[in-house]
Engineer: 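Here it is, the structure in full.
These values consider heavy atoms only, across backbone and side chains, with no hydrogens, waters or symmetry-generated copies.
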Amino acid sequence: MNRNYNYNSMNHHLVVNGIRLIDYGKDSKFKIIYDGDFRSLQVGVEGNSTTSERHERSATITLKIQQASPLNFVLERMAHSKERFPVLYMNGDFTGDLGKKGENAFITKEADTDVAADSGDREWTIKVPHLTTLTDAAIDLLTSYGG
């Protein structure tokens, strides 16, 4: 039996400090990478093994915003602020991962500025100390409030 799954990047949203991000760059909206493994495996000399659960869930989010977007000004202010902020990723395709949420996020540094003949992208990096997967109950709560 052949299956066909629909993917549409327009259904994937990143909300940073209550602001739904827009004006993404040319090739990619954003990328979420967890900093460590969730589990590790130790195999003994006789072949017996132990799986260790790790509870570290820090992640790095990289995103590219079009250079001419006013959103860069907002992100610059956040980068220079000492305030931490919430992050929410919503997967509108519902392809097995409903989304992710985290608190106390921060921008690691201001994005580079490249003044060239043509406009480009500015790449921002957000560090999230604890990024967790949303549950069905969280999705229901968010959608009931128009999120």
Side-chain angles (χ1 to χ4, degrees), residues 1-67 69 71-114 120-147:
M1 173 184 214
N2 292 334
R3 294 182 185 203
N4 182 354
Y5 299 101
N6 188 42
Y7 169 79
N8 184 344
S9 65
M10 295 299 289
N11 292 336
H12 296 256
H13 308 288
L14 188 62
V15 179
V16 174
N17 203 24
I19 301 166
R20 187 173 146 237
L21 300 185
I22 57 172
D23 296 340
Y24 291 104
K26 178 181 173 186
D27 298 322
S28 174
K29 289 178 89 168
F30 51 86
K31 184 184 291 188
I32 300 172
I33 301 172
Y34 279 96
D35 297 331
D37 295 334
F38 290 178
R39 291 169 199 82
S40 66
L41 180 67
Q42 180 179 353
V43 180
V45 71
E46 296 176 338
N48 296 325
S49 63
T50 301
T51 303
S52 297
E53 296 288 328
R54 298 196 175 160
H55 301 283
E56 194 267 330
R57 295 289 187 263
S58 65
T60 302
I61 302 172
T62 56
L63 55 127
K64 292 181 182 177
I65 301 295
Q66 294 176 21
Q67 185 172 351
S69 171
L71 184 58
N72 287 299
F73 176 71
V74 174
L75 293 171
E76 278 182 26
R77 292 192 61 155
M78 291 172 66
H80 290 281
S81 170
K82 293 180 181 176
E83 299 292 322
R84 302 276 181 121
F85 49 84
V87 171
L88 174 66
Y89 159 60
M90 294 292 297
N91 177 347
D93 282 338
F94 298 109
T95 54
D97 182 13
L98 299 175
K100 301 178 185 312
K101 66 180 174 79
E103 300 289 331
N104 297 310
F106 57 93
I107 295 174
T108 58
K109 70 172 188 131
E110 185 176 324
D112 294 343
T113 301
D114 182 17
D121 299 330
R122 296 187 69 195
E123 184 172 307
W124 296 89
T125 303
I126 298 172
K127 185 63 92 175
V128 187
H130 192 77
L131 189 67
T132 58
T133 300
L134 289 173
T135 62
D136 291 331
I139 294 292
D140 291 342
L141 178 64
L142 289 169
T143 55
S144 70
Y145 288 104

Engineer: Are Met78 and Val16 side-chain neighbours, meaning at least one heavy-atom pair lies under 4.5 Å?
Structural biologist: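 Yes, at least one pair of side-chain atoms sits under 4.5 Å.
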
Engineer: Is there a donor-acceptor pair closer than 3.5 Å between any side-chain N or O of Gln66 and the backbone N or O of Gly25?
Structural biologist: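 No; zero donor-acceptor contacts below 3.5 Å.
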
Engineer: More than 12 non-hydrogen atoms from neighbouring residues, nucleotides or ligands closer than 6.0 Å to CZ on Arg84, yes or no?
Structural biologist: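 Yes - once you tally the heavy atoms of other residues, nucleotides and ligands closer than 6.0 Å, there are more than 12.
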
Engineer: Would you say that Leu14 contacts Lys29 through its side chain, given a criterion of any heavy-atom pair below 4.5 Å between the two side chains?
Structural biologist: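 In short, these two side chains do not touch, never coming nearer than 4.5 Å.
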
Engineer: Less than 4.5 Å apart, any side-chain heavy atom of Leu134 and any of Leu88?
Structural biologist: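 Yes. Closest side-chain heavy atoms under 4.5 Å.
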
Engineer: Consider only side-chain N and O atoms of Arg57 and Thr132, and report whether a donor and an acceptor are under 3.5 Å apart.
Structural biologist: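 There is no such pair (donor and acceptor under 3.5 Å, judged by atom type) between the side chains of Arg57 and Thr132.
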
Engineer: Do Lys100 and Tyr34 have side-chain heavy atoms sitting under 4.5 Å apart?
Structural biologist: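 The answer is yes, as the side chains (C-beta and beyond) meet within the 4.5 Å cut-off.
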
Engineer: Can you name the one residue among Asp121, Asp23, Val74 that meets side chain to side chain contact (heavy atoms under 4.5 Å, CB included) with Ser69?
Structural biologist: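 Exactly one pass, corresponding to Asp23.
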
Engineer: Any sub-3.5 Å donor-acceptor pair from Glu56's side-chain atoms to Ser58's backbone N or O?
Structural biologist: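 Side chain of Glu56 to backbone of Ser58: a pair is present.
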
Engineer: Do Gln42 and Ser52 come within less than 4.5 Å of each other through their side chains, counting heavy atoms only?
Structural biologist: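 In short, these two side chains do not touch, never coming nearer than 4.5 Å.
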
Engineer: Under 6.0 Å from the CG atom of Asn8, do we count more than 12 heavy atoms belonging to anything else shown?
Structural biologist: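 Yes, the 6.0 Å shell around CG holds more than 12 heavy atoms from other groups.
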
Engineer: Does atom CZ (Phe73) have a neighbourhood of more than 12 heavy atoms from anything else shown, all under 6.0 Å?
Structural biologist: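 For Phe73, atom CZ is not crowded (no more than 12 foreign heavy atoms under 6.0 Å).
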
Engineer: Strictly by modelled atom types, are Glu103 and His130 linked by a side-chain donor-acceptor pair under 3.5 Å?
Structural biologist: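 Short answer, no.
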
Engineer: Specify whether Tyr7 and His12 have parallel, tilted or perpendicular ring planes, treating 30° as the upper limit for parallel and 60° as the lower limit for perpendicular.
Structural biologist: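 The rings of Tyr7 and His12 sit tilted, inter-plane angle from 30° to 60°.
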
Engineer: Are Ser40 and Thr51 close enough that some pair of their side-chain heavy atoms sits under 4.5 Å apart?
Structural biologist: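 No. Closest side-chain heavy atoms not under 4.5 Å.
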
Engineer: State, yes or no, whether a side-chain contact exists between Val43 and Leu41 at a heavy-atom distance under 4.5 Å.
Structural biologist: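 With C-beta onward as the side chain, the pair touches.
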
